[in-house]
Amino acid sequence: MVRRIDVTGTGGVRLAAWEFADPPKTVENERAPGVLLLHGLMGRASHWAPTARWLSERHRAVALDQRGHGQSDKPPEGAYTREAYTDDAEAALEQLGLAPAVLIGHAMGALTAWQLAAKRPDLVRGLIICDMRASALGAASQREWENWFKSWPLPFATLADVRKWFGEDDPWAEHPNPARGEFYAEVMAESEDGWRPVFEAEQMLKSRQTWVYDAHWEELAQVRCPALVVRGLDGELGRAEAQEMVRVLPHGRYAEVAEAGHLVHYDQPEAWRAAVEPFLEDVLTP
């Protein structure tokens, strides 16, 4: 079962939320604990489908296509600020009736999650941060991303070409990684001249520039709920920074996944589940 639910984000932006399995049956007047899954920059809700399915054995798990991504609106002149993303997630929690929920975020989605947890502690009972740094990345990082987008050989003739380029040929791929190829194939759509991303690179860069120049330690310190920081051993979040994030979080915990890069939940889905499930048990068990 895959079910789409439309949500109205800030500024009237239409957002697509997705359930990938039926929530568990509950006794009358009770509801399954809510979980909201937030993808990273360039991602989409369907990247969370395997996680959402096993979560749905005990929880109501909903994944959100954030503005500019997936099947949600991509207004050319719309706001792609940190405030817009966090306000959208807040609206989703309230309109879907998930709160108080556990927020699970990857990369940019993790930043959105901890900023919302700091802003609206009444809506968030737990937080899982997957491979997102709290330190400022700086102007050089933004320029690298601009150049990377320009290097994409668009349009791709086939999805096989997408998988090969992102999984093997992309200079940013340190070693062949079929999971990375599949991840990017998921965000492509067929057009008249071939396969292109469902997002606009300009909007992705606009979204990214609203966080790369700033550090986000202060907001971490304001998160009052239990929080788990998860990193892939070969990901973008280093061990020292991850452990400092755990120290700054008032109720922080730490987990790492071996043989995983930045796309932790995609690279090693079973190890990802093993890392986060005990935390969910603690947070969501009455």
Side-chain touch [X]/[Y], heavy atoms, less than 4.5 angstrom:
X    : Y    : answer
W145 : S141 : yes
I104 : V276 : no
W114 : M132 : yes
V102 : H59  : no
H216 : Q115 : yes
M245 : L220 : yes
D267 : D234 : no

Search all heavy atoms of [X] against all heavy atoms of [Y] and return the closest pair with its distance.
X    : Y    : answer
Q71  : D65  : N-OD2, 3.0 Å
A45  : L64  : CB-C, 3.9 Å
P226 : F279 : O-CZ, 3.5 Å
L237 : R231 : O-NE, 2.7 Å
K74  : F199 : CE-CA, 4.5 Å
R196 : P155 : NH2-CD, 3.6 Å

Inset, instruction - Could you tell me whether the side chains of T86 and R120 share a donor-acceptor contact shorter than 3.5 Å? - result: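 Per modelled atom types, T86 and R120 side chains form no pair under 3.5 Å.
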Inset, instruction - Check whether the side chains of S207 and R82 place a donor and an acceptor atom closer than 3.5 Å, and report yes or no. - result: no
For the pair [X] (side chain) and [Y] (backbone), establish whether a donor and an acceptor sit closer than 3.5 Å, ignoring hydrogens and angles.
X    : Y    : answer
E236 : D131 : no
S72  : A16  : yes
S46  : A49  : no
D161 : T158 : yes
Q95  : T8   : yes
R31  : G97  : yes
E259 : Q268 : no

N-O pairing of [X] and [Y] below 4.0 Å:
X    : Y    : value
R133 : E241 : yes
K119 : E90  : yes
R273 : E270 : no
E281 : R58  : yes

Ring centres under 6.0 Å, that's the criterion: do [X] and [Y] meet it?
X    : Y    : value
W152 : F166 : yes
H265 : W48  : yes
F156 : Y184 : no

Inset, instruction - Verify the neighbour count for atom CD of E94: are there more than 12 heavy atoms of other residues, nucleotides or ligands below 6.0 Å? - result: yes
Legend entry - Within 6.0 angstrom of E218 CD, more than 12 heavy atoms from elsewhere: no
Taking [Y] as the starting point, is it possible to reach [X] by hopping between hydrophobic residues whose side chains are less than 4.5 Å apart?
X    : Y    : answer
L111 : L41  : yes
L263 : L37  : no
V283 : L36  : no
V248 : L228 : no
M42  : W165 : yes

Inset, instruction - May I have the step-by-step check of side-chain contact (heavy atoms from CB on, under 4.5 Å) for V230 and W272, ending in yes or no? - result: CA-CA 9 Å; V230 184; W272 156 255; 4.1 Å; yes
If the plane angle is over 60° it's perpendicular, under 30° parallel, otherwise tilted; pick one for [X] and [Y].
X    : Y    : result
W172 : W148 : parallel
H39  : H69  : tilted
Y80  : Y85  : tilted

Legend entry - Separation between NZ of K164 and CG of D170, rounded to the nearest 0.5 Å: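 CG of D170 is found 11.5 Å from NZ of K164.
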Legend entry - Interatomic spacing from CG in L127 to CZ in R253 - rounded to 0.5 Å: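 Those atoms lie 12.0 Å apart.
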Legend entry - Derivation of the side-chain contact (heavy atoms from CB on, under 4.5 Å) call for T112 and L103: CA-CA 9 Å; T112 300; L103 301 183; over 6 Å; no
Inset, instruction - Could you check H47 against H106 for side-chain contact (heavy atoms from CB on, under 4.5 Å), going step by step and ending with a plain yes or no? - result: CA-CA 10 Å; H47 283 141; H106 173 245; over 6 Å; no
